[in-house]
Amino acid sequence: MLFHSLSFNDKLAGNPIDYTLDNVFDWVDEIGLQSEQIALYCTTFAESIKVHLPKAENDEASEGKKAPLKKEAKK
């Protein structure tokens, strides 16, 4: 996915795609999966998908806090 994201962005910008899938694999190996660049890519990708999902009525993330639990009456 990373290669296709990079190459599609370069294609839209009119930039030459002068790297291969193997080059991207090597780059990720060099910087590591825990690098800031990969973390930013994953976060940005997840957010790009999340904006297209419907929000649930009781979605904690959309509310910013948990709804309080209600006590049930003893029987």
Side-chain angles (χ1 to χ4, degrees):
M1 272 183 13
L2 189 60
F3 170 78
H4 293 292
S5 295
L6 291 168
S7 62
F8 185 70
N9 189 50
D10 281 339
K11 182 178 179 180
L12 288 177
N15 299 329
I17 300 169
D18 56 354
Y19 49 88
T20 65
L21 181 60
D22 287 334
N23 295 134
V24 175
F25 282 144
D26 291 342
W27 174 66
V28 171
D29 284 343
E30 287 174 18
I31 65 172
L33 288 174
Q34 301 296 324
S35 70
E36 187 175 321
Q37 294 96 333
I38 299 300
L40 178 61
Y41 171 80
C42 292
T43 302
T44 305
F45 180 74
E47 290 296 319
S48 74
I49 292 173
K50 196 164 97 174
V51 298
H52 300 290
L53 298 175
K55 291 186 179 181
E57 282 184 34
N58 296 328
D59 187 4
E60 294 173 12
S62 65
E63 297 297 321
K65 60 181 180 180
K66 289 187 176 183
L69 296 176
K70 294 182 180 179
K71 279 189 170 181
E72 291 186 24
K74 291 185 180 182
K75 294 181 183 181

Test item: side-chain donor near acceptor, Asn23 and Thr20, under 3.5 Å: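 Result is yes, a qualifying pair exists.
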
Partner set under salt bridge (charged side-chain N to carboxylate O under 4.0 Å, His left out) for Glu30, not counting sequence neighbours: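 Glu30 satisfies salt bridge (charged side-chain N to carboxylate O under 4.0 Å, His left out) with no other residue.
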
Look up atom [atom1] in [X] and atom [atom2] in [Y], then write down how far apart they are to the nearest 0.5 Å.
X	Y	atom1	atom2	result
Lys50	Lys55	NZ	NZ	8.5 Å
Cys42	Met1	SG	CE	7.5 Å
Asn15	Ser7	CG	OG	11.5 Å
His4	Asn9	NE2	CG	14.5 Å
Leu6	Ile17	CG	CD1	9.5 Å

Hydrophobic cluster identity match, Phe3 and Leu40, side-chain contacts under 4.5 Å: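 No.
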
Closest non-hydrogen atom pair, Tyr41 against Ser5: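 Residues Tyr41 and Ser5, closest heavy atoms: OH-OG, 3.0 Å.
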
Shortest non-hydrogen separation from Leu33 to Ile38 and the atoms involved: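 Scanning both residues completely, I find the closest heavy atoms to be O-CG2, 3.5 Å.
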
Phe25 and Asp22: CA distance, side-chain angles, deciding distance, side-chain contact (heavy atoms from CB on, under 4.5 Å) verdict: CA-CA 5 Å; Phe25 282 144; Asp22 287 334; 3.9 Å; yes

Test side-chain hydrogen bond (donor to acceptor under 3.5 Å, both in side chains) applied to Asp26 - qualifying residues, sequence neighbours left out: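 Result, side-chain hydrogen bond (donor to acceptor under 3.5 Å, both in side chains) vs Asp26: none returned.
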
Remaining members of the apolar cluster that contains Phe8, side-chain heavy atoms under 4.5 Å: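 Under the 4.5 Å side-chain rule, Phe8 groups with Leu12.
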
